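Down below is the structure, laid out as structure tokens.
Note that the coordinates shown come from a computational prediction; the quantities given were computed from them, not determined experimentally.
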Amino acid sequence: MVTGALEGRADAWDEIVRRYSHQVRLALLARGVALDAADDLVQESWMRLIQQQRAGRLRTLELPGLAIAQAGWLALEARRTAARRAAVARFAPVPALELEAVADTGAEADPAAVALRHERAALVRRALAECTPREREVFEAAYGGEARAHADVARAAGLSVQRVRQLLCNARARVRRALTEREQVDRKSEDDA
Amino acid sequence: VNHLRPDEIEALVIHGDPLADDSRRHLASCPACAGLVEREARLELAIYDGAAALGDERGAGAGAAPAPAASGAARGSLVWTYALSAIAIIMLGVAALLLMRQERYVRPATTAASMDSRGGTRVAPPPLDARFSPDTPCLRDPRTYMPGFDVVPPEPPGLRTTIHALKP
């Protein structure tokens, strides 16, 4: 799929957009971008990536990381533009925005991010150990590297979409509980400090 | 004020389902609902991240180990490899046996058969007047060294006697 996209095949790009758009939109929503703006930015991100590929400037395609980084950069640009316009309207100096919004691009090099990722992996592993094999299978298919759509997971597993969603809901509830508990512990320790 | 219901937020964040127009408009104007969506999205992203990290760790831990589907194929190919190897070894063994039976190595005679005291081969001694092949340089027939080889056997008495006819 990635190879096909790098070769410029339209069907490969369609599949990539279909598969990873949800994660890109989630990344924007998680940064506080409004839903309508997030949808626009997702589209814009894919268009930019396709343009980069057509211009021959796209050598590798790490997904969904690259699309999320692109969307994050666009969101930052949108905020900058909005801040600039507001400042011009108020005759005030343009505020400098931090580059935290595109932190995904260098996440692999950040030791704290790496540690957090390992910790999350351990929590997910522990939570999945309590799930049934079917729940685990469905969860890994939906949330794994390929991030397959629920309909695709259902087709592959020979289940109905409704059943897949039910299994996914059970597995996700356990994982979510583990992650939330950890988050609360972190928040409490921060408050104590 | 009708805030977004939990199932609407769940449908939006987890399944990526589109929101109804009313809910969409409300979300755009309600900081509380936007905050809830943001929090759920962050959590959902953390789940994606954790699952991806788990997949990466499994991949790194397994090293070059194949995926479950591939390992089944590898097991099958391993059985075939063993079977083919065993067949090849058996065929080589049979071929070697056949060759050994056809071309059994014969030790060249270093002593005359008639002088072999071990009695291994029961060969009649060659007649004294037997003609041997001319000697090959450096490989003279050892039988020519046997004692008495050059001794001329005694002629029977009267062999060369000339009998003159009696004249009447």
Would you say [Y] ends up clustered with [X] if hydrophobic residues are merged whenever their side chains have heavy atoms under 4.5 Å apart, either directly or through other cluster members?
{"X": "A/V153", "Y": "A/L159", "answer": "yes"}
{"X": "B/L19", "Y": "A/L26", "answer": "yes"}
{"X": "A/L6", "Y": "A/L49", "answer": "yes"}
{"X": "A/L66", "Y": "A/W73", "answer": "yes"}
{"X": "A/L58", "Y": "A/I68", "answer": "yes"}

Using non-hydrogen atoms only, which part of [X] is less than 4.5 Å away from chain A: side chain, backbone, both, or neither?
{"X": "B/A34", "value": "neither"}
{"X": "B/L12", "value": "both"}
{"X": "B/I47", "value": "both"}

Between [X] and [Y], what is the shortest heavy-atom contact and its length?
{"X": "B/E10", "Y": "A/C169", "answer": "OE2-SG, 4.4 Å"}
{"X": "A/R117", "Y": "B/A52", "answer": "NH2-CB, 3.7 Å"}
{"X": "A/R25", "Y": "B/D17", "answer": "NH2-O, 4.2 Å"}
{"X": "B/A53", "Y": "A/A121", "answer": "CB-CB, 3.7 Å"}

What part of [X] is in contact with chain B, defined as an atom under 4.5 angstrom from a non-hydrogen atom: side chain, backbone, both or neither?
{"X": "A/L28", "value": "neither"}
{"X": "A/A142", "value": "backbone"}
{"X": "A/E119", "value": "neither"}
{"X": "A/L29", "value": "both"}

Report summary line: Against chain B, residues from residues 35-47 of chain A with at least one heavy atom under 4.5 Å, in numeric order, are A/L35, A/D36, A/D39
Query raised in the report: Do any N or O atoms from the side chain of A/H22 and from the backbone of B/V13 form a donor-acceptor pair under 3.5 angstrom?
Result: yes
Do [X] and [Y] come within less than 4.5 Å of each other through their side chains, counting heavy atoms only?
{"X": "A/Q23", "Y": "B/E44", "answer": "no"}
{"X": "A/V124", "Y": "B/D49", "answer": "no"}
{"X": "A/T180", "Y": "B/R39", "answer": "yes"}

Report task. Report the distance from atom CG of B/L45 to atom CG of A/L179, rounding to the nearest 0.5 Å. Result -> 11.5 Å
Query - Straight-line distance of A/Y143 OH to B/I14 CD1, nearest 0.5 Å - result: 5.5 Å
Requested in this report: Among the options A/E140, A/R176, A/H150, pick out the one with the most heavy-atom pairs lying under 4.5 Å from chain B.
Outcome: A/R176
